[in-house]
Amino acid sequence: MIRLHDTGLGRLADVEPRDAGKVSMYVCGPTVYGLPHIGHGRMALVWDVVRRYFEWTGLDVRFVSNITDIDDKIIARANEEGRSSTDVAVQYEAAWYDAVDALGVKRPTVDPHATAYVEQMISLIAGLVAAGKAYPTSDGVYLSVDTVPGYGLLARQSLDSLRAGARVDVVEEKRSPLDFALWKNAKPGEPTWDAPWGGGRPGWHTECVVMSLDLLGEGFDLHGGGIDLAFPHHENERAQAVAAGRDFARRWAHNGHVQMGGEKMSKSLGNITNLTDLLEMVDPRAYRLVVLQSHYRAPVEVTGTTLDAAGRALSGLDAFARRVADLPDAPADPQAIARFRAAMDDDLDTPGAVAEIWSLMKAANTALDAGDAAGAAPLAAAVRELAGAVGLVSAVAGDDIPADVAALVTARDEARGSRDFAGADALRDRLVGLGWAVEDTAQGTRVHRKDT
RNA sequence: GGCGGCGUGGCCGAGUGGUUUAGGCAAGGGCCUGCAAAGCCCUGUACAGGAGUUCGAUUCUCCUCGCCGCCUCCA
């Protein structure tokens, strides 16, 4: 059973599924008003790893992650560009999935859209108003946080200290500066849905409450997201659920942010902060590895240097995959599997889990150097198994070698056979010039496409 | 101002009250190789600063400095 740091409890806690054999998790997805940020990429990767790990351990995972397709920022962008907010949302939802698909992030089981849940949101809000937990004002409907027991749980702050920190608010009608909008009345020209309090749109926090409860049911297992969402977003989700008398997430977990250091990204990367551009310049797996090699709650440095280092480490993984491609199938080394699980179960220690993979590769290589294929096979199988568990697929998809390249390879083997090394070296240079990496093996010259 | 996090060897990044080490990248030396590539072996003696607790702290406490996040519907 995996233990994760629970933001509400402030300590590690078992993630004990509500239903045996099944895991229900909700992760806040993007507001689609622009290209995804590099930080969104880390968020997506972290929860993808969690999800894959659950699945790998045999659990049936229901992973819900929303798309916020109506929001102030979307409206603002639509207005700037003179088009509908739907156009904006559709465009950037596509950009979002392009990016996370490239990262190898598995699609959610369900990806609900806010605009499809407005009716349910209205009825949740109406219930809160009827119960006296929320109140309408001239510009919308607000939740009264004073009616919510335990408000401040995720912020790790008392109501008093939150109040002390609150900025001066423009809405004088709010009963407490901490009260937040459940519903926003539409201004002229804005998208609007009919509601008892006047036409408008839902506030941001309500959608996640309604959609998670609808698609996962009460008391679902895990709610995740970036640490910046802990407060106010998740706090306010929880507040609504509590006010409505619904059981909400049983565990809360949050990933840390990306830092790009004071240092600029390397020259080759420029100062990219959006994921879409980044993924055009680096192997997406390198970003996944950078994320895996840091602890999910700690800040991680993403720079050209760290991505390059990860890329080189990955080429070692790929070289290994080529080396063991012809090894006979074998069951994965059980002790390695156990060590990996111990690391992952301990608050998702992916750095330790990945270190286990490197250590297996080293052991397998040593065995192969000694000619012990039988000894290497279970280790190689474990590498495949574990790398797959964290979503690191090695890019060995057997290159189809063009005839001209194959001819050069044959010619080189012949040259080497007759100890014509000058000729062999010249042929190697030609292959390299054509973009192929050349390795000599017991089976003769082997080539594969150079990574970059 | 309030709350929280972080500061580890050339770079990134785990971890732990003490005897033996994360791991990756980079560097130096070696083995292997016709030469390479890939791989393997060896080397580097790090824990922001100060005080304290302790037989002993990088690991606990306090303070200082620096960086960052949230308190503004930003992962």
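To find a chain, count down the sequence lines: A is the first, B the second, and so on, and within it residues start at 1. Values in this document were obtained by computation on a predicted structure and should not be read as measured data.
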Residue-phosphate contact under 4.0 Å: [X] side-chain N/O, [N] OP1/OP2:
X: A/Lys362; N: B/C41; value: yes
X: A/Arg312; N: B/A26; value: yes
X: A/Asn365; N: B/C40; value: yes

On a whole-Å scale, what distance lies between the [atom1] atoms belonging to [N] and [M]?
N: B/C32; M: B/C67; atom1: C1'; value: 46 Å
N: B/U45; M: B/C60; atom1: P; value: 26 Å
N: B/C65; M: B/C55; atom1: C1'; value: 31 Å
N: B/U59; M: B/U19; atom1: C1'; value: 16 Å
N: B/U43; M: B/A48; atom1: P; value: 25 Å
N: B/G2; M: B/C63; atom1: P; value: 13 Å
N: B/G50; M: B/C41; atom1: P; value: 38 Å
N: B/C68; M: B/U8; atom1: P; value: 15 Å

Remember a base hit wins even if backbone is also touched, and classify [X] as base, sugar-phosphate or nothing at under 4.0 Å, heavy atoms.
X: A/Arg412; result: base
X: A/His37; result: base
X: A/Glu439; result: base
X: A/Ala298; result: sugar-phosphate
X: A/His205; result: nothing
X: A/Phe231; result: sugar-phosphate

Note to self: Other residues, nucleotides and ligands only: do more than 12 of their heavy atoms fall within 6.0 Å of CZ on A/Arg430?
What the structure shows: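 No.
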Kindly point out which of [options] is positioned nearest to the side chain of [X]?
X: A/Ala355; options: B/C25, B/A22, B/A38; result: B/A22
X: A/Trp358; options: B/G23, B/A14, B/C35; result: B/G23
X: A/Thr305; options: B/C11, B/A75, B/A14; result: B/C11
X: A/Glu301; options: B/C12, B/G69, B/C25; result: B/C12
X: A/Ala313; options: B/G34, B/G24, B/C40; result: B/G24
X: A/Arg323; options: B/G39, B/G34, B/C40; result: B/G39
X: A/His257; options: B/C71, B/A14, B/A75; result: B/A75

Complementary nucleotide of [N], counting Watson-Crick and G-U pairs under 3.5 Å:
N: B/C60; result: B/G52
N: B/U21; result: none
N: B/A27; result: B/U43
N: B/C32; result: none
N: B/G7; result: B/C65
N: B/G1; result: B/C71

- Query: Nearest heavy-atom pair of A/Val393 and A/Arg285: which atoms, and what distance?
  - Reply: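 Nearest pair, atom of A/Val393 first, then A/Arg285: O-NH1, 2.9 Å.
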Whole angstrom value for the distance that separates [atom2] of [N] from [atom1] of [X]:
X: A/Leu178; N: B/U72; atom1: CG; atom2: C1'; result: 13 Å
X: A/Asp179; N: B/U72; atom1: CG; atom2: P; result: 12 Å
X: A/Arg11; N: B/G5; atom1: CZ; atom2: P; result: 16 Å
X: A/Asp346; N: B/U16; atom1: CG; atom2: C1'; result: 13 Å
X: A/Ile357; N: B/A14; atom1: CD1; atom2: C1'; result: 15 Å
X: A/Trp436; N: B/A37; atom1: CH2; atom2: P; result: 20 Å
X: A/Asp369; N: B/U33; atom1: CG; atom2: P; result: 12 Å
X: A/Tyr296; N: B/G13; atom1: OH; atom2: C1'; result: 17 Å

Stepwise side-chain contact (heavy atoms from CB on, under 4.5 Å) test for A/Asn274 and A/His37:
CA-CA 4 Å; A/Asn274 83 66; A/His37 182 266; 5.8 Å; no
Do A/Arg238's NZ or CZ and the ring of A/Phe248 fall within the cation-pi criteria of under 6.0 Å and 45°?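 Ring-cation test returns no.
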Between the base of [N] and the side chain of [X], is there any donor-acceptor pair under 3.5 Å?
X: A/Asp308; N: B/C11; result: no
X: A/Asp425; N: B/G34; result: yes
X: A/Arg416; N: B/G34; result: yes
X: A/Arg428; N: B/A36; result: yes

**Prompt:** Between A/Arg339 and A/Asp349, is the closest basic N to carboxylate O distance under 4.0 Å?
**Reply:**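 Not counted as a salt bridge, because no side-chain N and carboxylate O are separated by less than 4.0 Å.
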(request) Identify whether the distance between the nearest side-chain nitrogen and carboxylate oxygen of A/Arg201 and A/Asp71 falls below 4.0 Å. (result)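 Salt bridge flag = no for A/Asp71 with A/Arg201.
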Item to complete: Could you tell me if the ring centre of A/Trp436 sits under 6.0 Å from that of A/His448?
Response: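 No, too far apart.
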* N/O donor-acceptor pair under 3.5 Å between A/Thr206 side chain and A/Pro202 backbone ->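 Not at all, since once roles are kept as given, no pair shorter than 3.5 Å links the two residues.
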| task | With the side chain counted from C-beta on, respond yes when A/Pro284 and A/Leu279 share a heavy-atom pair under 4.5 Å apart, and no when they do not. | result |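 Contact flag for A/Pro284/A/Leu279 side chains = yes.
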_Nearest heavy atom decides the nucleotide; on that basis, is A/Gly226 or A/Ala310 closer to the 5' end of RNA chain B?_
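Taking each residue's closest nucleotide, the earlier one in sequence belongs to A/Ala310.
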query: With nearest nucleotides of RNA chain B determined for A/Val300 and A/Met43 from heavy-atom distances, which residue corresponds to the more 5′ nucleotide?
result: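 Final value for this comparison: A/Val300.
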